[in-house]
Amino acid sequence: NAGVTQTPKFRVLKTGQSMTLLCAQDMNHEYMYWYRQDPGMGLRLIHYSVGEGTTAKGEVPDGYNVSRLKKQNFLLGLESAAPSQTSVYFCASCAGIQFHEQYFGPGTRLTVT
Amino acid sequence: AQSVTQLGSHVSVSEGALVLLRCNYSSSVPPYLFWYVQYPNQGLQLLLKYTSAATLVKGINGFEAEFKKSETSFHLTKPSAHMSDAAEYFCAVSSGGYQKVTFGTGTKLQVIP
């Protein structure tokens with residue numbers, strides 16, 4: 001049982017390049033989330049999903065897209081990376097509406113130059 | 001709307017001393033409250049949670065927190081700090097659907113030998 005895993009762990013992009021971050025969970029959780037963490041700002045919600053095939057915008061969705069084609073995977077895409085997207089990205093999952101604990105992945109450190 | 005304020009971005013305590021990390025919340029409905037811990041270069045791990053049961057909540061590693069509705073507070077305490085407690089701590093609140101969680105900006109705890 002690996003919990004929540006994220007791929008890749010580190011990435012450096014040039015401005016304008018695109019990439020996809022992969023989050024996978026093996027706990028059969030319904031809800032999944034993408035956050036970004038920046039110094040002094042805590043974690044901010046980018047997008048979330050309440051089930052396979054669904055996605056919704058969070059607090060800071062601009063410049064990102066997501067997809068949840070399979071229940072266990074939640075993909076975060078950057079179509080045209082900008083330096084402002086330099087951050088640490090965390091994926092999390094939660095079992096469902098009656099549960100409250102979110103389980104976090106180890107993070108992806110992204111630098112956009 | 002929901003929000004969390006953590007007082008003090010950095011807290012230093014001596015090994016063996018009391019740990020007190022402060023958190024105040026704002027929520028229009030009865031909230032669920034959480035404390036997470038983040039060790040360097042890792043994801044967040046749940047320390048404890050309040051979900052409208054007992055107001056004094058005990059968590060892992062000897063930490064506990066007390067929900068005080070009148071003060072809108074959920075401070076984290078530990079009677080005796082250990083070197084391994086050095087980490088960043090995040091208070092979080094959830095009062096909406098889909099377990100969307102709002103995080104505070106974090107408090108870095110330093111333990112001095």
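Order of the sequence lines fixes the chain letters, A, B, ..., with proteins taken first and strands second; residue numbering starts at 1 for each chain. Atoms considered below: every heavy atom in the structure, side chains included; atoms not considered: hydrogens, waters and symmetry mates.
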**Prompt:** Within a radius of less than 6.0 Å around NZ of A/Lys71, do more than 12 heavy atoms belonging to other residues, nucleotides or ligands occur?
**Reply:** yes

**Asked** So what's closer than 4.5 Å to chain B heavy atoms on A/Arg44: side chain, backbone, both or neither?
**Response** neither

**Message:** I need the residue from B/Lys49, B/Glu88, B/Gln38, B/Gln45 with the largest number of non-hydrogen atom pairs under 4.5 Å to chain A.
**Reply:** B/Gln38

**Asked** Is B/Tyr25 linked to B/Phe90 within one hydrophobic cluster, defined over Ile, Leu, Val, Met, Phe, Trp and Tyr using a side-chain heavy-atom separation of less than 4.5 Å?
**Response** no

**Complete:** Turns out that what part of B/Ser9 lies under 4.5 Å from chain A's heavy atoms comes down to neither

**Complete:** dist A/Lys9:NZ -> B/Asn41:CG (nearest 0.5 Å) comes out at 12.0 Å

**Request:** Please round to the nearest 0.5 Å and tell me the distance separating atom CG of B/Leu44 and atom OH of A/Tyr35.
**Result:** 9.0 Å

**Prompt:** Atom CD in A/Glu101, atom OH in B/Tyr36: separation rounded to 0.5 Å?
**Reply:** 6.0 Å

**Item:** B/Arg22 atom CZ, neighbour heavy-atom count above 12 within 6.0 Å
**Value:** no

**Request:** Test side chain to side chain contact (heavy atoms under 4.5 Å, CB included) on A/Met41 and B/Phe103 and set out the steps.
**Result:** CA-CA 9 Å; A/Met41 303 189 74; B/Phe103 288 86; over 6 Å; no

**Asked** Is B/Thr102 close to A/Glu59 at the side-chain level, that is, under 4.5 Å between some pair of heavy atoms?
**Response** no

**A/Val4 with A/Leu21, same ILVMFWY side-chain cluster at under 4.5 Å** = no

**Asked** Under a single-linkage definition using a 4.5 Å side-chain heavy-atom cutoff for Ile, Leu, Val, Met, Phe, Trp and Tyr, are B/Leu20 and B/Leu109 assigned to the same hydrophobic cluster?
**Response** no

**Item:** Rounded distance [0.5 Å steps], CG in B/Leu46 versus CZ in A/Phe104
**Value:** 9.5 Å

**Item:** Joint hydrophobic cluster, A/Leu43 plus B/Leu48, side-chain heavy atoms closer than 4.5 Å
**Value:** no

**Connected via hydrophobic side-chain network under 4.5 Å: B/Val57 and B/Leu33** = yes

